[in-house]
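A quick write-up on the structure given underneath.
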Amino acid sequence: MSENTIEKEGVVKTNNFIHQIIDEELKAGKNGGRVHTRFPPEPNGYLHIGHAKSICLNFGTAQKYNGLTNLRFDDTNPSKEDTEYVESIMEDVHWLGFDWGDRLYYASDYFDQLFDFAVRLIQEGKAYVDDQDAETISAQKGTPTRPGTESPYRNRSVEENLDLFMRMKAGEFNEGDCVLRAKIDMTSPNMHMRDPIIYRIMKTPHHRTGDKWCIYPMYDFAHGQSDYWEGITHSICTLEFEVHRPLYDWFIDQLKDSDYRPRQIEFARLNLNYTVMSKRKLLELVKNNHVNGWDDPRMPTICGLRRRGYTPESIRAFAERIGVTKTDGVIDVSLLEYSIREDLNKRAQRVMGVIDPVKVVITNYPEGQVEQMEAINNPEDPAMGTRMVPFTREIYIEREDFMENPPKKFFRLSPGTEVRLRYAYFVTCTDVIKDPEGHIVEIHCTYDPASRGGNSPDGRKVKSTLHWVSATENVKAEVRLYDRLFNDEEPDGHKDIDFKEFLNPDSLKILPECYIEPFVKNVKPLDHFQFERLGYFTVDPDSTPEKPVFNRTVQLKDNWQKIKQNG
RNA sequence: UGUCCUGUGGUGUAAUUGGCAACACGUCUGACUCUGGAUCAGAAGAGUCCAGGUUCGAGCCCUGGCAGGACAACCA
């Protein structure tokens, strides 16, 4: 481990490049040692794992430097935004374990100040009203390689601009009739400096300000100013805003009256393979019913991951592990899966559940007898204690745990072999009962009464231990197995193929008849379990007292699968 | 024929004023185990996009290339 990393709460924390910048600033005495960040989502969709990275970065950075973080909704476009999203975003940030205290803000809080600032720019000859339509303005902007040309309205008088802007505000014009532009430089090599539009007319009611306004500031005209007014020191955003920074700084230059100025720093957004992350595409999946809502457990949304069984701790650990840089990359989902396994391994209650049941009859076991077997709740944490599991003559085991003609490295049950039933007995397969089509319907075994609890007094060993559930003393449950939503590593990375073409048709498998040991009788949604040998499962909100529903969060690592695949 | 940003094992990150390229995931061995999990021990895998230069010494500095990304919404 290098000196640039420390270990905290079992997670290695790297001093990323933003922290290095802050360290240097602090050393130079900037901002009086103050660190103040903000998380600024637009309330136009649900948060996803990429936002989680940003949340952890912004809140985590402030925590590290004993600073503060604001939650600010960037709500400058009423046509896309809604309070539904505001609420879900607040819920998700809290769930992740962060709190903004009393510092909840909206860009719309600043509409008056923003308007006044625009008026000031007009008065200083730094902004003008342009009557041209969108296409004309766009054409005049030039291209990235060709300079733009000036608007014929660029040199209107201050008085005329003021008058027109007031009338824009008063609603005298229709949408698209005119816009307010900053007067900067139409020949700048940076497109964003070519007289950017800062106010446009939108006759759409706003989810917070109602119909008070019919002109709304653009992102570039709201974000930096909001940062400034809130005293933000570090405005951390993703790489695509890099080219906006000169404009961000230009507005701050017009505004600042002291040494203080917020600093925009960009980092690479998170990309995960086998999924899509853009709000537009996620919305499309929801609207076209490719998934069952924003919180579908296959979605990379925070609410989806939550329902899938991810814990806030695991997501925070993941965010820490992937680091913060300016290099665009793609993170392998196996790293996310590692993070949840690591967390749940330490904490999850173990339980036995059979999701693809086949009946086993222990022919020499007394009919009607029920024995309570003591089972360990979590071998990683003895403090979690033990529980009792009922054992009976008829049980279920996993269909996959039996093979009539086993290959070499198959250690599980097959005719004539002896295995251990976890916490119960050694059993030996004596017979296989099939239906007329040849499907196995029942397996007959005999048990060794001397092996009660799972060990034989003569010291003989078995190669395998199977999980099992009593066929009479159990809880019947529905289990939902999830696989990756897309079959392609980069579903939206193909020029001529729509990302939906790569949707995995087998991403959801519903198993309506699973049997779980009675311990799960009174579970609550979002309780986490390890079904031994299978994976981690969480209780879905669809559960009823009569029939719990479990979502498989992630499988356990499975060597047998590998051996099978590699022949 | 522009501006800005970025190039380090398969993946993600690290490397203090230049000093034997480190860590994690993944992969592969082996040990242990009442989960083919976990744990433990070990291995393979890059010579840092390329070419020059400075230097005793360059992933770090300089020059020139190459490659990838962002930018032409009245979106954020």
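Predicted model only: the values in this text are computed from it and were never measured. Below, chains carry the letters A, B, ... as their sequence lines are ordered, and counting in each starts from 1.
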Query - Distance between C1' atoms of B:A67 and B:G53 (Å, rounded) - result: 22 Å
Query raised in the report: Between A:Phe241 and A:His223, is the gap from one ring center to the other below 6.0 Å?
Result: no
Report summary line: From the candidates B:C25, B:G12, B:A76, the one with an atom nearest any side-chain atom of A:Tyr338 is B:C25
Query raised in the report: With distance as the sole criterion, do the side chain of A:Glu380 and the base of B:G37 form a donor-acceptor contact below 3.5 Å?
Result: yes
**Report entry** Under 3.5 Å donor-acceptor pair, A:His192 side-chain atoms to B:A70 base atoms
**Finding:** no
Query raised in the report: Looking only at heavy atoms, which two atoms of A:Met218 and A:Ile197 are closest? And how far apart?
Result: CG-O, 3.2 Å
Report summary line: Pairing partner of B:C61, by Watson-Crick or G-U wobble and under 3.5 Å for both distances, is B:G53
Requested in this report: For B:A73, measure the glycosidic angle (O4'-C1'-N9-C4 for a purine, O4'-C1'-N1-C2 for a pyrimidine) and name it syn if it falls within 90° of 0, otherwise anti.
Outcome: syn
Query - A:Phe221-A:Tyr199 aromatic ring centre distance below 6.0 Å - result: yes
Report task. Please give the nucleotide sitting opposite B:G12 as a Watson-Crick or G-U wobble pair, both distances under 3.5 Å, or none. Result -> B:C23
Query raised in the report: How far, in whole Å, is B:C25 from B:C66 if one measures between their C1' atoms?
Result: 31 Å
Report task. With heavy atoms under 4.0 Å as the rule, sort A:Val330 into base, sugar-phosphate or nothing. Result -> sugar-phosphate
Query raised in the report: Does A:Thr325 place a side-chain N or O at less than 4.0 Å from the phosphate oxygens OP1/OP2 of B:U13?
Result: yes
**Report entry** Value in whole Å for how far the P atom of B:C75 lies from OH of A:Tyr199
**Finding:** 14 Å
Query raised in the report: With a 4.0 Å cut-off on heavy atoms, is A:Gln132 in touch with a base, just the backbone sugar-phosphate, or nothing at all?
Result: base
Requested in this report: May I ask you to check whether A:Glu81 and A:Tyr106 show a side-chain donor-acceptor distance below 3.5 Å?
Outcome: no
Query raised in the report: Nearest to the side chain of A:Pro144, which nucleotide is it out of B:C71, B:A76, B:G36?
Result: B:C71
Query raised in the report: Side-chain donor or acceptor of A:Arg412 under 3.5 Å from a matching atom on the base of B:G36?
Result: yes
Report task. Could you check whether A:Asp220 gets within reach of a base, just the sugar-phosphate, or nothing at all, counting any heavy atom under 4.0 Å? Result -> nothing
Query - A:Ser138 side-chain N/O to B:C74 phosphate OP1/OP2 under 4.0 Å - result: no
Query raised in the report: If we take the C1' atom in both B:C20 and B:C60, what is their distance in whole Å?
Result: 16 Å
Report summary line: To the nearest angstrom, the NZ-P distance between A:Lys409 and B:U29 comes to 8 Å
Query raised in the report: Under 6.0 Å between ring centres, would you say that holds for A:Phe318 and A:Tyr310?
Result: no
Query raised in the report: Do any side-chain nitrogens or oxygens of A:Lys557 fall under 4.0 Å of OP1 or OP2 in B:A38?
Result: yes
Query raised in the report: Roughly how far apart, to the nearest Å, are B:U3 and B:A15 at atom C1'?
Result: 32 Å
Query raised in the report: What does A:Lys463 touch in the nucleic acid at a heavy-atom separation under 4.0 angstrom: a base, only the sugar-phosphate, or nothing?
Result: nothing
Query raised in the report: Separation of A:Gln561 atom CD from B:G37 atom P, in whole Å?
Result: 12 Å
Query raised in the report: Of A:Gly176 and A:Asp328, whose closest RNA chain B nucleotide lies nearer the 5' terminus?
Result: A:Asp328
Requested in this report: For B:G12, decide between syn and anti, treating a glycosidic angle within 90° of 0 as syn.
Outcome: anti
Query raised in the report: So what does A:Thr76 touch, heavy atoms closer than 4.0 Å: a base, only the sugar-phosphate, or nothing?
Result: sugar-phosphate
**Report entry** Euclidean distance for C1', B:G37 against B:C32 (whole angstrom)
**Finding:** 13 Å
**Report entry** Between A:Tyr425 and A:Tyr447, ring centroids under 6.0 Å
**Finding:** yes
Query raised in the report: Whole-Å distance between B:C25 P and A:Arg341 CZ?
Result: 12 Å
Requested in this report: Measure the distance from CD on A:Gln20 to P on B:U16 and round it to the nearest whole Å.
Outcome: 9 Å
Requested in this report: Whole angstrom is fine here: how far is it from CZ in A:Arg269 over to P in B:C71?
Outcome: 10 Å
Query - Opposite nucleotide pairing with B:U17, Watson-Crick or G-U, both atom distances under 3.5 Å - result: none
Query - Among B:C74, B:A72, B:U35, the nucleotide that comes nearest once only the side chain of A:Met191 is considered - result: B:A72
Query raised in the report: Do A:Phe391 and A:Tyr423 have ring centroids that are under 6.0 Å from one another?
Result: no
Query raised in the report: Can you find a side chain N or O atom of A:Thr327 that sits less than 4.0 Å from OP1 or OP2 on B:U13?
Result: yes
Query - First of A:Val324 and A:Asp131 reached from the 5' end of RNA chain B, by closest nucleotide - result: A:Val324
Report task. Please state the P separation for the pair B:C49 and B:U8 - nearest whole angstrom. Result -> 6 Å
Query raised in the report: Does the separation of the ring centres of A:Phe73 and A:Tyr105 fall below 6.0 angstrom?
Result: no
Query raised in the report: Any side-chain N or O of A:Arg533 under 4.0 Å from OP1/OP2 of B:G36?
Result: yes
Query - P atoms of B:U48 and B:C40, separation to the nearest Å - result: 33 Å
Report task. For B:U3, give its Watson-Crick or G-U wobble partner with both distances under 3.5 Å, or none. Result -> B:A70
**Report entry** Phosphate-side-chain proximity, A:Lys562 and B:U27, N/O vs OP1/OP2 below 4.0 Å
**Finding:** yes
Query raised in the report: Using a cut-off of 4.0 Å on non-hydrogen atoms, how would the nucleic acid contact of A:Asp133 be classed: base, sugar-phosphate, or nothing?
Result: base
Requested in this report: Under 4.0 Å between any heavy atoms, over every strand shown, what does A:Phe410 touch: base, sugar-phosphate, or nothing? Just pick one.
Outcome: base
Requested in this report: Identify whether a stacking contact exists between A:Tyr219 and B:A76, where the ring centres must be under 5.5 Å apart and the planes under 30° apart.
Outcome: no
**Report entry** Sugar-phosphate, base or nothing in reach of A:Pro379, heavy atoms under 4.0 Å
**Finding:** base
Query raised in the report: Across the strands shown, which category fits A:Arg350 at heavy-atom distances under 4.0 angstrom: base, sugar-phosphate, nothing?
Result: base
Query raised in the report: What nucleic acid atoms does A:Asn190 come within less than 4.0 Å of, heavy atoms only: base, sugar-phosphate, or nothing?
Result: nothing
Report task. For A:Tyr216, answer base if it contacts any base atom (sugar-phosphate contacts may also be present), sugar-phosphate if it contacts only those atoms, and nothing otherwise; contact means non-hydrogen atoms under 4.0 Å. Result -> nothing
Requested in this report: Compare side-chain N and O positions of A:Arg194 against OP1 and OP2 of B:C71 and report whether any pair is under 4.0 Å apart.
Outcome: no
Requested in this report: Whole angstrom is fine here: how far is it from CD1 in A:Ile322 over to P in B:G26?
Outcome: 16 Å
Query - Side chain A:Arg321 and base B:U13 donor-acceptor under 3.5 Å - result: no
Query - Phosphate contact (B:G37 OP1 or OP2) by A:Asn559 side-chain N/O below 4.0 Å - result: yes
Requested in this report: Look at A:Arg280 and B:A73 and indicate whether a side-chain polar atom (N or O) is within less than 4.0 Å of OP1 or OP2.
Outcome: no
Query - Base partner of B:A31, which must satisfy Watson-Crick or wobble distances under 3.5 Å - result: B:U39
**Report entry** Pairwise P distance for B:A76 and B:U16, with rounding to whole Å
**Finding:** 41 Å
**Report entry** N-O pairing of A:Arg156 and A:Asp130 below 4.0 Å
**Finding:** no
**Report entry** A:Phe221 CZ - B:A76 P separation (whole Å)
**Finding:** 13 Å
Query raised in the report: Run the side-chain contact (heavy atoms from CB on, under 4.5 Å) check on A:Glu490 and A:Asn271 step by step: do they pass?
Result: CA-CA 9 Å; A:Glu490 204 188 344; A:Asn271 296 301; over 6 Å; no
